[in-house]
Amino acid sequence: MDIDEVKAQAGPRAFDPSDDLPEEYRKAATRMIQFHANSEIMGAYLERPFIRQAPSIDRKLAFSAKVQDEIGHAQLLYRAAELLGVKTRDEMLDELAEGTGKFLNCFHYPMTEWAETPMIAFFVDGAAMRRQATLKRSSWEPYAHAMDKVCFEEGFHVKHGEDIMRELATGSKAEQRRLQEAFEEWWPRIIQFFGPTDDKSKHHDFSSQVGLKLMTNDQLRTAFLNSYIPKAEKYGLEIPDEPRITYDEETGRYEVVEEDLDWDEFFSIAKNEFEPGRGQIDTRAAAHDAVKWVRDALDGYETSTRSGAAPQAAD
Amino acid sequence: MRWEVFRQEEEGGYHTHCGDVHAPDAEMAKLFAQIQHGRRKPTHGIWVAPADEVYSVDADETVFGGSTDKSYRWATAYNVDASHAQEVADSEAEQREAEGRRGES
């Protein structure tokens, strides 16, 4: 297949590993899915400390289940990426450890306070879910399949995140104040979740033409704002003055003034040059390294049993 | 030898186990599978795999997730309104259905 044929045939779940796809498609899909997989891992590492810091046994169990889910999503996604034949799973994990693997802007910021947890568990996960629901119709079938399971599980994550927010928002004055402070700190980052505006997006046109992506960054961001601003207001959160957000009475839709956002910081994060993010990459790399002996033992076992196995019966 | 057959109904859908065939090799297995399992029902694709090469584990040998009450991992456990986002409501509906089947098998 050449690129023109791919564009002509592009549609929901149109291509699978049996198709002979051009390198340009396979590379674009790898970049997108690898980014997604890396983000699942980095997000899980950011939330992991809250298994210990959870204020109750219910929250502890839920965070533990959630972190487990996110690591599982990464496994599904690396498989979907690996099937494109561009990079192996090990190569992608190594790139993440070395700091060349890219991931979501929000997961480059430290999260230390309990009141911050709904910022990721409700807003960022909600934003991710909005995007992931559209990716069930991605043209790379293994990616779309992975989204079926991911979206099934994410409903719990988002509702759990909202439940924490509800608890804080209806709690003591101090809890309400801490929630508002966390919201003000995280709000611009959350809006930047969907990436640069369409005119600054490097990869959108191609990814959209070959059916990998279904909606533009701007469309997704606007859809997110329109669902989640009313939620924030419902819990009494005050939307910060900046970035400015306009409400169009006629269409009933919110729009953000993009120039109010810190795009220098965003693009330095995109290059893995933002300091807290670098620390988080290294922390995860060290944790990954600490259990290398487990992987080595499994690999050793696999090799020893394989060599002793009888020849395959097929054919 | 025996081959397990997995049928995919629509393009992009899951291959679901639908039965097996006897055949001397993979080529013949594909042919028989087409005739036996892809002839009457709408079919987009078929996989065949040597039955000996399919390994299984069942509920007698292990305890699978989803059978014990872990309500904290279901969207339905959290009393907040998900109607602001269709995709969250959809996920909750899928989970409600799966949770309803808990303990059936």
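As a basis for the values below, the full set of heavy atoms in this structure was taken, side chains included, without hydrogen atoms, waters or symmetry mates. Chain naming here is simple, since letters A, B, ... match the order of the sequence lines and numbering starts at 1 in each.
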Worksheet item: Side chain, backbone, both or neither: which part of A:Glu167 has a heavy atom under 4.5 Å from chain B?
Response: neither
Item to complete: Hey, can you tell me if A:His36 and A:Tyr143 have their rings parallel, tilted or perpendicular (30° and 60° cut-offs)?
Response: perpendicular
Discussion item. Less than 4.5 Å to any heavy atom of chain A: does that hold for the side chain of B:Asp81, its backbone, both, or neither?
Written reply: both
Worksheet item: Taking all atoms of both residues into account, what is the closest heavy-atom pair of A:Ala232 and A:Phe123, and its distance?
Response: CB-CZ, 4.1 Å
Practice prompt. Side chain from CB out, backbone as N, CA, C, O: work out which of these in A:Lys136 comes under 4.5 Å of a heavy atom of chain B, or both, or neither.
Written response: side chain
Discussion item. Under a 3.5 Å threshold, yes or no: a donor from one side chain and an acceptor from the other, between A:Glu162 and A:Tyr235?
Written reply: yes
Worksheet item: If you count heavy-atom pairs under 4.5 Å between each of A:His160, A:Arg166, A:Glu141, A:Lys234 and chain B, which one has the most?
Response: A:His160
Response to the item:
When the 4.5 angstrom heavy-atom criterion is applied to A:Ala62 and chain B, the contacting part is both
Worksheet entry | Side chain / backbone / both / neither for A:Phe63 at chain B, heavy atoms under 4.5 Å | neither
Discussion item. Which one wins on heavy-atom pair count under 4.5 Å against chain B: A:Asp125, A:Leu61, A:Asp58, A:Asp16?
Written reply: A:Leu61
Fill in: B:His44 versus B:Gln8, side-chain donor and acceptor atoms under 3.5 Å
yes
Discussion item. Taking side chain as everything from C-beta outward and backbone as N, CA, C, O, which of these in A:Glu153 sits under 4.5 Å from a heavy atom of chain B? Side chain, backbone, both or neither.
Written reply: backbone
Practice prompt. Could you verify whether a donor N or O on one side chain and an acceptor N or O on the other, from A:Ser227 and A:Arg130, lie under 3.5 Å apart?
Written response: yes
Item to complete: Compute whether any side-chain donor of one residue and acceptor of the other, for A:Glu116 and A:Trp186, lie under 3.5 angstrom apart.
Response: yes
Fill in: Aromatic plane relationship, A:His145 with B:Tyr14 - under 30° parallel, 30 to 60° tilted, over 60° perpendicular
parallel
Worksheet item: Between B:Ala98 and chain A, which part of the residue has a heavy atom less than 4.5 Å away: side chain, backbone, both or neither?
Response: side chain
Discussion item. Is A:Glu154 close to chain B through its backbone or its side chain, or both, or neither, when contacts mean heavy atoms under 4.5 Å?
Written reply: backbone
